[in-house]
Amino acid sequence: MALDLELRKGYLGGTDLAAISGLSDYTRPGDVWLEKMGQRTFTGNAATEMGQDLEPVVAMRHGRKFGVTLLELPPEPIYHPEHPFIAANPDRIYADRKRVLECKTASEEQLYGQESPWGEDGEPGRVPLGYLGQTNHYIGMTGFEDAYLSCLFLGRSRIQRDYPIPFDRDLYDLMIQNGVQFWRTYVETRIQPPVELFSPEMAMKAVAMKARLEEKKAKALESTPQVEAWAQHYRELSDQIDALTGKKKLLAAAIGGWIADQGGTKVKHSLGSFTFKQGDEKPAAVVFDAEKAWAQLVVSIPGLASIPGPVLDDLQKLIGEVHAACTTTVTPTPTTPTLRPYWAK
């Protein structure tokens with residue numbers, strides 16, 4: 001759906017709220033503020049243009065796969081009943097039930113990458129966090145039951161996967177709350193948000209963390225006598241393995257020490273051989289602990305999400321102090337010496 005870029009300055013949409021809530025991998029809250037202030041206008045790129053051009057194709061393929069009729073809504077956004085500066089622009093809706101369809105395109109490299117956020121076809125909610133927040137927002141704004149996110153992966157196979165998106169009321173309410181605070185604190189006052197405060201490593205990333213924790217809680221199951229028996233046996237085996245592993249390490253150290261004392265790196269025996277390698281030294285590294293920084297900010301600044309304008313200068317100074325307090329020089333432990341056995345067949 002092509003959006004009116006000038007109209008978008010007057011409200012926060014689904015992608016904006018996902019960015020403000022720290023769910024987006026591409027857009028930060030500061031970018032959203034610049035857009036609303038008219039200081040930055042994103043007119044699109046090759047990827048977004050491709051997505052807009054292929055949106056009808058993605059919708060058509062989804063409808064054909066599930067045998068459903070889809071409706072395209074008018075271009076006017078749906079506004080929040082209490083907060084007129086929050087709106088939604090769903091791509092399609094089902095004609096026969098209260099369900100939203102969000103259409104996306106991505107590359108096959110993103111689908112098959114080593115840390116791909118995309119799940120298997122039909123796997124509920126296994127999409128990038130930004131898309132999950134955006135689609136969840138559309139469900140809440142329309143008052144519908146759930147959604148599907150359909151993504152066409154561009155490449156040689158042109159595979160299309162469809163992901164059910166259940167409605168998460170807590171996440172929706174939290175995104176709305178973040179949007180209201182962001183608009184009233186920074187957009188209405190035209191005060192630029194601190195870059196450090198609104199980086200993905202800082203405060204608003206807590207929304208993504210909360211969503212993951214809630215998901216884990218929802219999947220926790222009650223134990224049974226069979227599970228208790230398995231757990232007990234597993235613990236006993238683990239204790240035995242730990243004891244044997246300790247003895248094995250002591251024996252390896254003795255063999256490795258003997259090889260080193262003799263000035264060699266390998267010793268042959270009747271069962272094969274042992275090869276010994278000394279550990280390598282590593283340089284010290286400066287490490288910034290983002291989680292510690294977040295905890296320090298929470299302690300130092302009560303009411304973090306609604307900081308008034310007069311204290312912004314002090315905040316900038318405090319963030320620098322927090323950064324210094326949480327940045328330490330860590331001397332890595334040298335690589336552990338290794339003993340590699342070879343057993344003759």
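From a predicted model like this one, the values you see are computed outputs, not experimental measurements.
- Tyr94 and Ile78 are members of different hydrophobic clusters when ILVMFWY side chains are connected at heavy-atom separations under 4.5 Å.
- The stretch residues 134-143 participates, sequence neighbours left out, in these side-chain hydrogen bond (donor to acceptor under 3.5 Å, both in side chains) pairs: Glu102-Gln134, Lys104-Gln134, Gln134-Tyr138.
- A distance of 8.5 Å separates NZ of Lys9 from CD of Glu35, quoted to the nearest 0.5 Å.
- Residues Gly133 and Met175 come closest through the heavy atom pair O-CE, 3.4 Å.
- Looking only at side-chain heavy atoms (C-beta outward), Arg8 and Thr15 come within less than 4.5 Å of each other.
- In this structure, the side chains of Leu174 and Gln177 come closer than 4.5 Å at one or more pairs of heavy atoms.
- Between the Asp146 side chain and the Phe167 main chain, no donor and acceptor come within less than 3.5 Å of each other.
- Both Ile165 and Leu171 are members of a single hydrophobic cluster when ILVMFWY side chains are connected at heavy-atom separations under 4.5 Å.
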- Item | Ile191/Thr185 under side-chain contact (heavy atoms from CB on, under 4.5 Å): CA gap, chis, key distance, verdict | CA-CA 8 Å; Ile191 296 175; Thr185 305; over 6 Å; no
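- Ile241 is linked by a side chain to side chain contact (heavy atoms under 4.5 Å, CB included) to Thr245, counting only residues two or more places apart in sequence or in another chain.
- Listed for the Ser273 side chain is no donor-acceptor partner under 3.5 Å among the backbone atoms of Val267.
- Residues Phe276 and Ala260 share a closest heavy-atom pair of CE2-CB, 4.1 Å.
- The two atoms that bring Pro164 and Gly122 nearest to each other are CD-O, 3.5 Å, heavy atoms only.
- Counting only distance, with no hydrogens or angles, the side chain of Lys36 and the backbone of Arg190 share no donor-acceptor pair below 3.5 Å.
- Under a hydrophobic-cluster definition in which Ile, Leu, Val, Met, Phe, Trp and Tyr are linked whenever side-chain heavy atoms come within less than 4.5 Å, directly or via other members, Tyr186 and Ile176 are assigned to the same cluster.
- In this structure, the side chain of Asp239 does not engage the main chain of Glu236 through any donor-acceptor pair within 3.5 Å.
- Residues passing the side chain to side chain contact (heavy atoms under 4.5 Å, CB included) test with Gln226 are Thr224, Ala229, Trp230, sequence neighbours excluded.
- The closest side-chain heavy-atom distance from Leu152 to Leu154 is below 4.5 Å.
- Between Ser24 and Thr27, the shortest heavy-atom distance links the atoms OG-N, 3.0 Å.
- In this structure, OG on Ser116 lies 5.5 Å from CG on Leu111, to the nearest 0.5 angstrom.
- Counting heavy atoms from C-beta outward, Trp118 and Pro128 have side chains that approach closer than 4.5 Å.
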- Task: Go through the steps to decide whether Arg92 and Glu55 satisfy the test salt bridge (Lys or Arg N to Asp or Glu O under 4.0 Å), and finish with yes or no.
- Result: CA-CA 10 Å; Arg92 299 287 192 281; Glu55 180 184 308; 2.7 Å; yes
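- Looking only at side-chain heavy atoms (C-beta outward), Glu228 and Gln232 stay at 4.5 Å or farther from each other.
- For the pair Phe182 and Val187, the minimum side-chain heavy-atom distance is below 4.5 Å.
- Hydrophobic clustering (side-chain heavy atoms under 4.5 Å, transitive across Ile, Leu, Val, Met, Phe, Trp, Tyr) keeps Leu101 apart from Phe153.
- By the rule that hydrophobic residues join a cluster once side-chain heavy atoms approach within less than 4.5 Å of another member, Leu129 and Leu149 end up as members of one cluster.
- Note: Leu73 CG to Asp91 CG = 9.0 Å, rounded to the nearest 0.5 Å.
- Contact between Val100 and Pro90 at its shortest, heavy atoms only, is CG1-CB, 4.0 Å.
- With Phe144 as the aromatic partner, Arg99 does not meet the cation-pi criteria of under 6.0 angstrom to the ring centre and within 45 degrees of the ring axis.
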- Could you please spell out the steps behind the salt bridge (Lys or Arg N to Asp or Glu O under 4.0 Å) verdict for Arg156 and Glu108? CA-CA 8 Å; Arg156 183 172 298 179; Glu108 285 189 351; over 6 Å; no
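- Side-chain contact check for Cys151 versus Arg161: every heavy-atom pair is 4.5 Å or farther apart.
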- Task: Under the side-chain contact (heavy atoms from CB on, under 4.5 Å) rule, what do His233 and Leu237 come out as? Steps first, then yes or no, please.
- Result: CA-CA 6 Å; His233 191 200; Leu237 292 175; 3.8 Å; yes
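- Between Arg126 and Glu120 there is no salt bridge, since no side-chain nitrogen of the basic residue lies less than 4.0 Å from a carboxylate oxygen of the acidic one.
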- Message: Test side chain to side chain donor-acceptor pair (under 3.5 Å) on Tyr11 and Asn89; report intermediate values, then the result.
- Response: CA-CA 11 Å; Tyr11 67 84; Asn89 302 88; 3.1 Å; yes
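- Every residue meeting the side chain to side chain contact (heavy atoms under 4.5 Å, CB included) condition with Asp162, not counting sequence neighbours, appears here in chain and number order: His62, Lys65, Phe66, Asp121, Tyr148, Ser150, Gln160.
- Looking at heavy atoms from C-beta onward, Ile20 lies in side-chain contact with Leu12 at the 4.5 angstrom threshold.
- The environment of CZ in Arg97 is crowded: more than 12 heavy-atom neighbours from other residues, nucleotides or ligands sit within 6.0 Å.
- Residues passing the ring-ring contact (aromatic ring centres under 6.0 Å, His included) test with His80, sequence neighbours excluded: His83.
- No donor-acceptor pair under 3.5 Å is formed between the side chain of Gln262 and the backbone N or O of Ile259.
- A centroid separation of less than 6.0 Å is found between the aromatic rings of Phe85 and Trp183.
- Nearest heavy atom pair, residue Ala106 against residue Gln110, reads CB-OE1, 3.0 Å.
- Every pair tested for salt bridge (Lys or Arg N to Asp or Glu O under 4.0 Å) that includes a residue from residues 256-273 fails, sequence neighbours excluded, so the list is empty.
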- Message: For Trp33 and Gln39: C-alpha separation, side-chain torsions, deciding distance, then whether side-chain contact (heavy atoms from CB on, under 4.5 Å) applies.
- Response: CA-CA 9 Å; Trp33 184 86; Gln39 299 183 28; 3.8 Å; yes
